[in-house]
Amino acid sequence: MESKGDHKPLILAPAGNREAFMAALAAGADALYCGLKSFSARMKADNFTPAELARLVTFAHEKGSRVYVALNTLIKPDELQQAYGLVRTLARHIRPDGLIVQDLGAIELAAQAGFTGEIHLSTLAAVTFSGAFDAVHRLGVHNVVLPREFTIDEIKKAAAACPAGMRLEVFVHGALCYGVSGRCYWSSYMGGKSGLRGRCVQPCRRMYAAGKDTGRFFSCLDFSVDVLVKTLLPLKAIAAWKIEGRKKGPHYVYYTTTAYKLLRDEGTDPKAKQAALGFLEQALGRKTTHYHFLPQRSFSPANTGDHTASGMLVGRIRGGGKNSHIVPSTMLLAGDLLRIGYEDQPGHQLYRPRRFVPKRGRLHVRLPGKLPPKAAPVFLIDRLEPALADKVRDLEVAFEEVPETPAPLDNKKPKLPKCGTRRQSAAEMHVYRTSGKSSSARDKEVGIWLSPKATDRLSGKQAAACWWWLPPVIWETDAAAYAESIAGMIARGARRFVANAPWQIAFFDSRQPPFEIWAGPFCNQTNCLSIKVLAGMGFSGVVVSPELEGPDFLRLPAQSMLPLGVVVTGNWPLCLSRIKPEGLAENLVFSSPKKENAWLAAHDQCYWVYPDWRVDLSGKRKQLADAGYVRFFHLVESLPGHVTLKKRPGMWNWDAGLA
C-alpha cells in the first residue's frame, strides 16, 4: 500500500567492524545493520560483542541513525537457549531498532523476550512472490528484504501488493551469490560449512572444468543499481535501499553510502550523478552489473570473461623473483591492502605497500613463500585514506564519551511447546518429476513436483492419491501460473501438498476443503520453535532441513508439536539459481580440482545444480524411526545419460560437525 507524504527510503549501510560502523556514520547512513559474534549470516565479519554493540547503538542513535541487528542464521535444537539469551540481551540492554531474521523460531524468541523493535525477514527466508506478504505479515514481520534476483517490474508489483503496516527493503549494491538466498547448500554439502548458518566457504567462486573449457562459471560480478535507483523512488512501500558488504572495510562502506545518498537526494542533477558513479567506481568492489534489474536487458553476472575476485583489479605481477613488481592502473597509498592472485590458487597472499605509488608507477614487491603464477592479478581490496581516517578518528573520539553499558547474557530458557507422544506408522514416499516415472506397485505414497508446464493428464483418483510438491522457489512472475495449477489440482481432487517455502501456505488461504499440507525440506526447519510457528500457520507436518547433524536429527522429534519426516535418500541439489552460467550447457558435467562432479538441470524458472552422488541416510533409518520420524522421503531425479553416480557415503552433515 502506498503511504502518503514525502517518501525518502533509508540508506542502509553494512557494518562488519567498528571502523566500518564509523565510516557509515561519517557518510551519513540513515541506518546500519550489523551482527553479533554468533547467529550472524556473515560469521567471517568481525562482528560485535553485546557490550560493544550496546555502546555503538547508543552512539548511532545520538547521531540520528537506526541500527538493525542480524540474527539471521538457522538455529539448531541445542542452541535455542543461547539464542534466547542474546535476544533478551538485545531487548533489555542494547535496544536496536530491529532484528533481521531467517529462522521462524527467532520470531518466537523475540516475542517471548519482549523485543519491541521491528522484525525484518532476511533474503535467506526466500520470500519470492508478493502473494506471500499477508502470511508473512500475520507473523508480526514489519519488513521483507526482497531477493536480489527481482526485476524492477517484480519490485513494483511487490510494492503495490505490500500490506499496510509492512514495508520492503531492496538491495541496491554489493556481492551476488550464484544461488538463490536460502536455497544454496553447496558449502554445507561439500564440507559442513553451512551458508544458512553464516559459514559459507564460497565453493561457487572456484575454478571448474567442463569438457575442454575451464572457468569460474558460477562466480558472479557485483550488483549495482547505480543511476537506475531513480525508478525505485516513486515506490513508497520501499523503506530502505540496502548495501551488501558486512565483510567489507570502511572505504567501501563510506563510498557506497555516499554514492547512494547522492543518487537519492540529488539524482536529477547530472553532476551529482557523475560524482556518485565516481564514488562507486572507487569503492573497491568487483566489476558491477545491473543483473536482472531491467528485464528487457537482463544480464548473467556469472561471466567468465570478467574478473570476479573481491576488490578492484589494479594490475598484474610482472617480472619474477626479486624483480617482481606491479604497474598499477590507479594510485596506491601506503597501507593499502592488496590481494595477489586468487584465494583458491597457489601463491595467493595479501600485501601492503609501504609508500605512495602513482598511477602507472612501479611498486616492487617482495613475496614470501610460494610465488603466485606468472601475471597473477593484483586486487586492491581495502584502504583508509587520510581524509576518511580523520573522519573516523573524530567519531572515535566522540564515541569514547559514550558510557559503557552492561549487557549481561542470562541463562533463562525459552518456553518450548508441549509435545505429546504421537503413535503413527512410518510411511515411505518417493518423489518424482512426473507421474510417468512413479511405480504404484512400489510406492505406497507418491510425491510429484507440481509444475505449470506439466502435461500429465491424471484422473481425479490419481490426483487425489498423490502428494503435490511445490518448488523451493516460485518467482513473482510465475506465482499466478502456480496458483492456477494448484487450483486445477484441487478441482480434480488433490488434497495433499508439500510446500517448500513457508509462505506457500498462502496458495491455500481461500480454499475450502480440508488439506494436509506439510512443510518440505527446503523450508529449512531446524528447531521446535520454528515448527511451532508453522503449526500456527496451518501446516500438518514438517520435513526437517538437511542442515543438521545426527544428534540434532535425533533430538528434534521429541520436541516437535507436529509429525516429522526426513529425506533419507535422493538427488539433493547443491543450489538453485535464476542464472544460467555463460559457457555451461544444461546436463553438461563440470568438475572441481578435487574431481567433485555436478551438472545443471532446468526446472521451470530455476536451474538446479546436482552433484553426482546422492544423499543416503538409509543406514540411519531405524535410529530415525526410533527417534519419532514418521515419514521417510526419497527424491528421484532423471540423470543425464552420460552421468554415472559415484558410490559415496552420502551422509552429508550427519557426522560432519556442522558449523
Side-chain angles (χ1 to χ4, degrees), residues 1-3 12 33 41 68 70-75 97-111 115 117-150 154-171 180-183 196 235-240 242 470-480 482-483 486 497 499-511 517 519-520 522-525 529-539 542:
M1 178 181 290
E2 300 291 307
S3 61
L12 179 53
Y33 66 103
Y68 305 128
L71 205 78
N72 57 341
T73 64
L74 294 184
I75 304 171
D97 300 274
L99 297 181
I100 305 169
V101 304
Q102 169 195 185
D103 194 309
L104 299 184
I107 300 175
E108 174 69 15
L109 290 174
F115 182 77
E118 297 175 350
I119 300 295
H120 295 207
L121 206 55
S122 166
T123 52
L124 288 163
V127 182
T128 57
F129 65 101
S130 60
F133 287 166
D134 285 337
V136 171
H137 195 217
R138 285 195 293 268
L139 298 182
V141 172
H142 302 88
N143 283 45
V144 170
V145 187
L146 294 179
R148 293 170 176 84
E149 290 86 355
F150 264 23
E154 290 172 310
I155 293 171
K156 287 178 178 178
K157 191 172 181 180
C162 190
M166 197 178 86
R167 290 291 178 264
L168 307 175
E169 296 173 14
V170 294
F171 278 98
V180 177
S181 289
R183 299 294 179 263
L196 299 179
L235 307 179
K236 295 180 173 59
I238 305 297
K242 191 169 189 175
L470 277 61
V473 179
I474 295 177
W475 296 112
E476 178 69 29
T477 51
D478 308 312
Y482 273 100
I486 292 168
F497 294 86
N500 274 292
W503 334 115
Q504 292 172 358
I505 197 76
F507 287 116
F508 306 93
D509 274 355
S510 60
R511 307 296 178 189
I517 304 174
F522 292 93
C523 288
N524 297 327
Q525 300 304 301
L529 288 182
S530 65
I531 293 170
K532 176 187 175 184
V533 174
L534 290 179
M537 294 174 73
F539 284 94
V542 174

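Remember, predicted model here, so these are calculated numbers, not experimental data.
Closest non-hydrogen pair, Pro472 versus Ala501, comes out as O-CB, 4.4 Å. The minimum heavy-atom distance linking Ile119 with Ala110 is given by the pair CD1-CB, 4.0 Å. Summarising the geometry of Ser181 relative to Ala126, their closest heavy-atom pair is O-CB, 3.8 Å, with the distance given to 0.1 Å. Nearest heavy atoms, Val141 versus Met166: O-CG, 3.7 Å. Across every non-hydrogen atom of Gln504 and Leu470, the tightest pair is OE1-CB, 3.2 Å. The minimum heavy-atom distance linking Ala158 with Phe133 is given by the pair O-CE1, 3.3 Å.
Taken from CG in Leu71 to NE2 in His120, the straight-line distance is 13.5 Å, to the nearest 0.5 Å. Note that CZ of Arg183 is 11.0 Å distant from OG1 of Thr123, once rounded to the nearest 0.5 Å. Here the CD1 atom belonging to Ile486 is positioned 6.0 Å from the CD1 atom belonging to Ile474, to the nearest 0.5 angstrom. Separation of atoms CD1 (Ile505) and CD1 (Ile517) is listed at 4.0 Å; rounding is to 0.5 Å. Taken to the nearest 0.5 Å, the CD atom of Glu118 stands 7.0 Å off from the CG atom of Asp97.
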- Trace of the side chain to side chain contact (heavy atoms under 4.5 Å, CB included) decision for Met537 with Leu139: CA-CA 9 Å; Met537 294 174 73; Leu139 298 182; 4.0 Å; yes
- Test side chain to side chain contact (heavy atoms under 4.5 Å, CB included) on Phe150 and Val170 and set out the steps. CA-CA 9 Å; Phe150 264 23; Val170 294; over 6 Å; no
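Exactly one of Trp503, Tyr482, Trp475, Phe507 qualifies for a ring-ring contact (aromatic ring centres under 6.0 Å, His included) with Phe129. That residue is Phe507. Among Leu235, Leu168, Ile238, the single residue meeting the side chain to side chain contact (heavy atoms under 4.5 Å, CB included) criterion with Cys162 is Leu168.
Among residues two or more places apart in sequence or in another chain, the side-chain hydrogen bond (donor to acceptor under 3.5 Å, both in side chains) test is passed with Ser130 by Glu476. Residues passing the side-chain hydrogen bond (donor to acceptor under 3.5 Å, both in side chains) test with Asn500, sequence neighbours excluded: none. With sequence neighbours excluded, the residues that form a salt bridge (Lys or Arg N to Asp or Glu O under 4.0 Å) with Lys532 are Glu108.
Side-chain contact between Leu121 and Asn143: absent, with no pair of heavy atoms (C-beta onward) separated by less than 4.5 Å. In this structure, Lys242 and Ile100 have side chains that are in contact, with non-hydrogen atoms separated by less than 4.5 Å. Looking at Pro147 and Val180, their side chains never come closer than 4.5 Å, going by heavy atoms from C-beta outward. A 4.5 Å side-chain heavy-atom check between Ile531 and Phe539 finds every atom pair outside the cut-off. Side-chain atoms of Tyr68 and Leu12, non-hydrogen and from C-beta on, do get closer than 4.5 Å to each other.
The backbone N or O of Ile75 sits less than 3.5 Å from a side-chain atom of Asp103, completing a donor-acceptor pair. Put simply, the side chain of Asn524 gets close to the backbone of Gly182: a donor and an acceptor are under 3.5 Å apart.
A side-chain N or O of Gln525 and one of Ser530 form a donor-acceptor pair less than 3.5 Å apart.
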